[in-house]
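In this chain, numbering begins with 1 at the start of the sequence shown. Ligands are counted one by one from 1 in listed order, and the atoms in each one are counted from 1 as well.
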Amino acid sequence: MASRPVLVPIFGDQLTRTLASLRGRAKDDTVILMMEVWDEATYVRHHKQKIALIFSAMRHFAAELRDAGWSVDYVELTDPDNAGSFTGEVARAIERHDPRAVHIVEAGEWRVQQSIEEWPDKFACDVEILPDDRFVCPLSEFRDWAKDRDTLRMEFFYREMRRKTGLLMDDGQPEGGEWNYDSENRKPPKEGLQAPQRPLFEPDEITQEVIELVEDRFADHFGSLDNFGWPVTRDQAEEAADAFFAERIECFGPFQDAMVHGQDDLFHSMLSTSINLGLLDPLELCERAEQSYRDGKAPLNSVEGFIRQIIGWREYVRGFYWLHMPHLQRANALNAQRALPEFFWTGETDMRCLADCIRSTRDNAHAHHIQRLMVLGNFCLIAGISPREVQDWYLVVYAVLETACERELRLATAESCTGGLLASLLTDVPGCSHAFERGFVAYSDAAKCDLLGIERKLVEDCGAVSRNVALAMAQGGLARSQANIAVSITGFAGPGGEDDEEGLVHFALATRGKEPIHREKHHGAIGRDGVRLAALRTALGLMRQAVERRSSAS
Ligand code: DLZ
């Protein structure tokens, strides 16, 4: 490589050779960076199969890129110098390669996008964040569509996408005269209905190694690795798609709402993991589905239903997510507050449909849309289960408190701008209450001094939102509690005074017998909710690192 290259980080759900950051790039001027990082694998306690699938697909993709002549710098989870986060790893790669620029495709998750938006300020080289153009509807288009509507009906959005792509259109009208054929898609299963087995892929050496890694490092995560058979390469994903179009699409529509005990997937395509990782192109799949109909191999109701899942629901949920984040994370329009029943972890319930869906999720790391929405989702809606708890089950969270419980650690919080939100989050988790020792809400300067014993002069000299006050808050929280670990938050959630930097937040972590740690974040004017939510995430991240590194004895 003659001159300073461009560094192209590729995340685990960007495994596409035509990714915007690779398109048009010269191989001898590019270093691709792929990173297995602890933060991603543990920010929620992902299902074991999900971690194994992503790491295996990443390793296979790296090998495929190298075979094609790309230079790939791949950091494994077990690398002793692994920094544990995307930002930390990009920083290390910048030291190794001295690139003239970093080109990154925007993240699929708000949390990760927040961190990459900090890169231009953090790194000395140019950073270019490119739109992810693997979707039919760019986010700006979704925003325009949503702008003047009272209600955002998926069905109307879907019609726009049909018009835009021309899929199943006939001279400007929907093929067959209707936009939606769901009324034909609710057939009960006939006695003895048997779907063909979808292809399961025997783990090769790479996958086997990753499975062992996951068993070793993530032994206490939910789910089983016994049935791992997901496609981990583009070739395998295409084979899975071929089998769906040859054997199952015909019955997919009619039996879409059916469930048969012992046949977890029935006629569902099971292609979403490959689409979401980037191994399959969603539009190509829709075109193949349409072709099956045009060739007389699949009925219109099946094909329309399949296409609606992809250019309708998938695109709509993405647009809705970005439109409403970060508020969506804590939204609870029906004020549903009931805790998630214990049987969601064990599958032990007499309600057979629920037991089947939970067992299937544990064994396969997957629930198709009928299991997910019609059974699990409907149960949670009717029972008034807190949406946050349901989301956490899907993502399998609870990391901080569970680890603190296991290690018999006690936590304390000292909060200013988050006004007790962190304490509230830590008391949301049933069965772990004893790990949370106490919370101080010290919003005013006087409260910081009275409750946490901070000297008034320190607040006057440094300002309430400062490194020194954050450190003093965390140390005060530790001194005035029985906790082993205390975290503090003080910041400007905005809108504030002229001199206040909106979105600036200082954090500190105090651990008995250790030097306290300070962190500082500049979130910018992302709104009061946005700053507070981002602050919660950082504080939880600090706590998680602390509880994972400590046992109660230390
Ligand atoms: C889900 C996941 C996991 C478990 N681990 C990694 C990882 O170590 N490295 C990586 O590049 N991607 C991982 N992913 C997928 C990311 O979470 C996903 O790319 C981001 O959430 C997108 O914003």
Side-chain angles (χ1 to χ4, degrees), residues 7-16 19-22 32-62 65 72-79 81-93 102 104-119 129-132 134-135 139 206-207 209-211 213-223 225 228 230 232 272-279 314 317-318 321-322 325-326 328-329 365-366 391 394-397 399 534 537 541 544:
L7 183 71
V8 177
I10 295 187
F11 296 145
D13 59 353
Q14 299 181 336
L15 310 181
T16 311
L19 200 68
S21 51
L22 289 180
I32 294 173
L33 173 69
M34 297 181 69
M35 334 151 238
E36 294 173 6
V37 292
W38 193 251
D39 271 9
E40 286 308 298
T42 55
Y43 81 94
V44 290
R45 298 187 358 139
H46 299 285
H47 194 294
K48 286 179 191 164
Q49 283 194 31
K50 179 172 173 185
I51 304 177
L53 169 63
I54 291 185
F55 286 3
S56 173
M58 285 172 63
R59 291 181 184 197
H60 280 96
F61 187 66
L65 290 171
V72 183
D73 183 355
Y74 192 99
V75 183
E76 294 196 357
L77 190 79
T78 48
D79 182 330
D81 296 324
N82 191 320
S85 67
F86 286 143
T87 302
E89 275 309 308
V90 172
R92 286 206 316 130
V102 174
I104 174 86
V105 169
E106 67 191 357
E109 245 186 282
W110 187 82
R111 173 185 60 83
V112 178
Q113 185 65 12
Q114 292 295 108
S115 68
I116 66 179
E117 279 172 13
E118 290 177 4
W119 292 359
I129 305 175
L130 304 158
D132 189 347
R134 296 174 300 164
F135 291 86
L139 295 173
I206 294 181
T207 307
E209 195 176 310
V210 163
I211 287 178
L213 172 77
V214 173
E215 284 293 19
D216 181 41
R217 300 295 166 109
F218 307 99
D220 57 343
H221 281 216
F222 181 63
L225 281 159
F228 189 97
W230 292 107
V232 292
S272 57
T273 61
S274 302
I275 301 174
N276 291 339
L277 292 184
L279 301 177
R314 182 169 189 267
V317 168
R318 172 178 186 250
Y321 170 85
W322 285 103
M325 279 300 281
L328 197 56
Q329 212 156 306
H366 183 275
Q391 182 203 322
Y394 278 116
L395 292 173
V396 203
V397 78
R537 199 173 287 291
R544 198 189 65 211

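Atom 21 (O) of ligand 1 has Glu109 OE1, 2.6 Å as its closest protein atom, hydrogens excluded (heavy atom only). For atom 19 (O) of ligand 1, the closest heavy atom belonging to the protein is Asp13 OD1, 2.7 Å. Atom 8 (O) of ligand 1 has Val37 N, 2.8 Å as its closest protein atom, hydrogens excluded (heavy atom only).
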Applying side-chain contact (heavy atoms from CB on, under 4.5 Å) to Val105 and Asp132, what does each step give before you reach the verdict?
CA-CA 6 Å; Val105 169; Asp132 189 347; 3.7 Å; yes

Go through it in stages, so that I can follow the logic: the residues are Glu106 and Arg318, the test is salt bridge (charged side-chain N to carboxylate O under 4.0 Å, His left out), and I'd like the CA-CA distance, side-chain angles, deciding distance and then a yes or no.
CA-CA 13 Å; Glu106 67 191 357; Arg318 172 178 186 250; 3.6 Å; yes

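The nearest non-hydrogen atom to atom 9 (N) of ligand 1, considering only Arg111, Glu40, Met35, Glu36, comes from Met35. For atom 1 (C) of ligand 1, the choice among Asp39, Ile54, Asp132 with the nearest heavy atom turns out to be Ile54.
Per-residue contacts place Phe86 under 4.0 angstrom from the following atoms of ligand 1 (heavy atoms of the residue considered): 9 (N), 10 (C), 11 (O), 12 (N). Taking a cut-off of under 4.0 Å to the non-hydrogen atoms of Gly12, the atoms of ligand 1 that pass are 10 (C), 11 (O), 12 (N), 19 (O). The contact set between ligand 1 and His46, taken as ligand atoms under 4.0 Å from a residue heavy atom, comprises 4 (C). Using a 4.0 Å cut-off to heavy atoms of Ala107, the atoms of ligand 1 that qualify are 23 (O).
Of the heavy atoms in Gln113, none comes closer than 4.0 Å to ligand 1. Counting heavy atoms under 4.0 Å from ligand 1, residue Met34 does not touch it at all.
Between Val112 and ligand 1, not a single N/O pair is under 3.5 Å apart. Looking at Gly108 next to ligand 1, an N or O pair under 3.5 Å apart turns up. By the 3.5 Å distance cut-off applied to N or O atoms, Lys50 is not counted among the residues near ligand 1. Distances between N or O atoms of Ile51 and those of ligand 1 include no value under 3.5 Å.
Residues Ile211 and Lys48 form no side-chain contact, since every pair of their non-hydrogen atoms from C-beta on lies 4.5 Å or further apart.
Under the 3.5 Å distance criterion, the side-chain polar atoms of His46 are matched with a main-chain donor or acceptor of Glu40. A donor-acceptor pair under 3.5 Å is absent between the side-chain atoms of Asp39 and the main chain of Phe86, judged by distance alone.
If you check the side chains of Gln114 and Glu118, you find no donor sitting under 3.5 Å from an acceptor. Between the side chains of Tyr74 and Glu36, a donor-acceptor pair is found at a separation under 3.5 Å.
For Thr87, the side chain to side chain contact (heavy atoms under 4.5 Å, CB included) criterion is met by Ser85, Ser115, Trp119, Lys122, Phe123, not counting sequence neighbours.
In plain terms, the two heavy atoms of Gly12 and Ile54 that are nearest each other are CA-CG2, 4.1 Å. Residue Gln14 comes nearest to Phe61 through the heavy atom pair O-CE2, 4.4 Å, listed as atom of the first residue, atom of the second, then distance.
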